[in-house]
Amino acid sequence: MSSRRESADSLNEFGLIEQYFTSVGASASSDLVLGVGDDCALIQPPPGKLLCLSVDTVVEGVHFPQGFPPKFIAMRALGAALSDLAAMGASPSHFTLALTLPASDRSWLQAFSDGLSEMARACNVSLVGGDTARGPLAVSIQVHGWVEPDKALCRSGAQVGDLLFVSGDLGSAAGGLALARNCANSAFDSSFSPLYQRFSEPYPRLGLGAQLVGLASSCIDVSDGLIADARHISLSSNVQLQVETARVPMHQSLREGFPERAIEMALSGGDDYELLFTVPEARMQELYQLATEIKITQIGRVLAGESVVVVQEGKAWQCESEGYQHFE
Ligand code: ADP
Ligand code: MG
């Protein structure tokens with residue numbers, strides 16, 4: 001609900017929505033009754049399912065550097081938002097987009113819309129509504145998904161004796177962001193480094209999240225950094241999480257590109273959108289038998305106590321930074 005004076009001018013605003021945001025993503029699912037164009041979207045929830053919803057905002061200069069390619073702004077914003085559904089074990093359905101733009105630049109909008117469509121189709125979600133206003137560049141995405149009652153993967157279920165796992169590699173996105181900050185805007189290209197690719201196109205681990213339903217005792221996605229996010233499981237589950245640095249999975253390019261900082265980046269760099277989860281030791285074989293292409297690594301275990309303890313060669317490790325916080 002934006003006033004004409006505050007938002008992009010009225011003709012452009014509706015033309016812009018029509019042209020770039022009416023058919024983004026997967027073809028309409030059977031639960032979508034009414035999409036973009038009316039005052040609200042209408043969705044028919046599948047019988048017996050719980051609605052799982054979450055919203056995420058990214059702001060230029062805070063979450064991505066100025067001049068960052070619009071295709072990747074869109075892919076990151078939607079990937080990060082959907083990662084919360086993955087971490088709950090939910091199956092994604094739709095999303096809405098609140099876009100604040102300094103100007104209605106056609107080539108920027110086309111690239112943004114293309115990136116959004118690419119991520120949306122890959123994750124089988126469609127855009128069903130939103131809001132568009134003029135102002136400093138910011139993107140808010142609310143995602144909707146479905147989960148069986150009592151089946152959502154919460155942060156609170158870790159039990160003493162469970163093992164701690166992570167998907168993929170850690171620190172890649174932090175490495176990618178460091179590379180992006182060091183190079184000219186023209187060099188932003190996702191093929192330029194696998195690290196940059198994880199930063200710019202963070203495909204969420206939706207398939208794995210769904211497979212962990214009924215198997216993982218707790219789960220979170222790594223958005224602020226391993227230690228920071230592990231602490232959320234520790235607090236919610238009232239347990240201690242022990243992480244062994246030697247087990248933390250890192251991409252070869254991170255070890256080579258940042259030999260001195262790689263482990264620090266893997267422990268406290270954010271934006272990887274991997275899943276961090278606990279599984280009872282007795283069910284470890286079931287986990288390793290999952291048909292998934294995503295690497296899964298045991299990085300530690302759940303102990304009685306509190307907080308997160310990082311161990312290197314048997315000794316407690318002091319990390320310089322624990323993760324990203326907006327109001328530190
Ligand atoms: P209202 O004033 O009732 O909020 P708007 O003029 O903001 O309606 O939006 C008109 C229609 O376009 C609505 O269906 C809204 O959901 C959709 N819409 C607006 N901005 C976007 C956007 N960035 N992406 C997708 N749909 C949008
Ligand atoms: Mg509106």
Side-chain angles (χ1 to χ4, degrees), residues 1-26 28 32 34-43 53-85 92-145 177 180 185 188 190 199-204 223 271 273 326:
M1 238 269 313
S2 42
S3 85
R4 293 286 141 83
R5 254 184 301 136
E6 283 171 322
S7 57
D9 80 77
S10 58
L11 241 188
N12 281 347
E13 179 183 342
F14 299 116
L16 177 162
I17 295 164
E18 168 80 27
Q19 185 160 355
Y20 300 108
F21 299 115
T22 43
S23 50
V24 169
L32 181 65
L34 186 62
V36 172
D38 215 307
D39 294 312
C40 291
L42 295 173
I43 290 162
L53 67 87
S54 167
V55 66
D56 266 301
T57 298
V58 290
V59 176
E60 184 178 52
V62 178
H63 299 92
F64 56 89
Q66 226 159 7
F68 193 59
K71 174 182 174 188
F72 299 139
I73 296 174
M75 292 185 85
R76 263 180 57 76
L78 182 54
L82 288 168
S83 176
D84 285 320
L85 293 184
S93 59
H94 308 100
F95 69 103
T96 56
L97 164 71
L99 185 59
T100 310
L101 286 174
S104 83
D105 172 332
R106 282 176 186 271
S107 67
W108 192 98
L109 280 159
Q110 187 63 58
F112 182 88
S113 169
D114 289 346
L116 203 61
S117 295
E118 198 171 319
M119 182 61 81
R121 280 196 302 268
C123 299
N124 201 27
V125 288
S126 58
L127 177 61
V128 298
D131 198 30
T132 308
R134 191 196 297 276
L137 182 57
V139 183
S140 287
I141 290 183
Q142 186 179 55
V143 289
H144 311 147
L177 178 61
N185 291 351
F188 287 136
S190 67
F199 178 72
S200 56
E201 302 174 34
Y203 284 97
S223 55
D271 295 323
Y273 300 106
H326 281 272

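Here the structure is a predicted model, which is why all the values come from computation and not from measurement.
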With distance as the sole test, does D38 use its side chain to make a donor-acceptor pair with the main-chain N or O of C40 at under 3.5 Å? no
Pair V59, L137 - check side-chain contact (heavy atoms from CB on, under 4.5 Å), show working. CA-CA 6 Å; V59 176; L137 182 57; over 6 Å; no
Sequence neighbours excluded, which residues qualify as salt bridge (Lys or Arg N to Asp or Glu O under 4.0 Å) partners of D271? R76
Considering residues at least two apart in sequence or located in another chain, which fulfil the ring-ring contact (aromatic ring centres under 6.0 Å, His included) criterion with Y273? none
Taking all non-hydrogen atoms of both residues into account, name the closest pair between P204 and M119 and its distance. CD-SD, 3.9 Å
Without swapping roles, check the side chain of S93 against the backbone of H144 for a donor-acceptor pair under 3.5 Å. yes
Show your working on side-chain contact (heavy atoms from CB on, under 4.5 Å) between L78 and F95 and close with a plain yes or no. CA-CA 9 Å; L78 182 54; F95 69 103; 3.9 Å; yes
If we ignore hydrogens and angles and just use 3.5 Å, is the side chain of S113 paired with the main-chain N or O of L109 as donor and acceptor? no
Distance col, row T100:OG1 vs D131:CG, nearest 0.5 angstrom, shows 8.0 Å
Within the 4.5 Å heavy-atom criterion, are V36 and F21 side-chain neighbours or not? no
Check: V55 and I141 side chains under 4.5 Å, non-hydrogen atoms: no
Measure from the side-chain N and O atoms of S140 to the backbone N and O of T57, and report whether any donor-acceptor pair falls under 3.5 Å. no
Per the salt bridge (Lys or Arg N to Asp or Glu O under 4.0 Å) rule, what does the pair list look like for residues 111-125, sequence neighbours excluded? K71-E118
S104 to L16 - nearest heavy-atom pair and separation: CB-CD1, 3.6 Å
Heavy-atom distance under 4.5 Å between the side chains of L116 and M75, does that happen here? no
Which pair of non-hydrogen atoms, one from S54 and one from D84, has the smallest distance, and what is that distance? OG-OD2, 3.2 Å
Between R134 and E13, does a side-chain contact (heavy atoms from CB on, under 4.5 Å) hold up when you go through it step by step? CA-CA 9 Å; R134 191 196 297 276; E13 179 183 342; over 6 Å; no
Sort and list the pairs that fulfil ring-ring contact (aromatic ring centres under 6.0 Å, His included) and have at least one residue in residues 98-128, not counting sequence neighbours. W108-F112
Looking only at heavy atoms, what is the nearest atom pair of V143 and A81, with distance? CG2-O, 3.4 Å
H94 and L32, any side-chain heavy atoms less than 4.5 Å apart: yes
A77 and V58 have their tightest heavy-atom pair at CB-CG2, 3.8 Å
Please list, chain by chain and in numerical order, all residues satisfying salt bridge (Lys or Arg N to Asp or Glu O under 4.0 Å) with E60, sequence neighbours excluded. none
Full working for side-chain contact (heavy atoms from CB on, under 4.5 Å) between S200 and F64: CA-CA 9 Å; S200 56; F64 56 89; over 6 Å; no
On a heavy-atom basis, which atom in V125 and which in P92 lie closest, and how many Å separate them? CG1-CB, 3.4 Å
Listed partners of S23 passing side-chain hydrogen bond (donor to acceptor under 3.5 Å, both in side chains), at least two apart: none
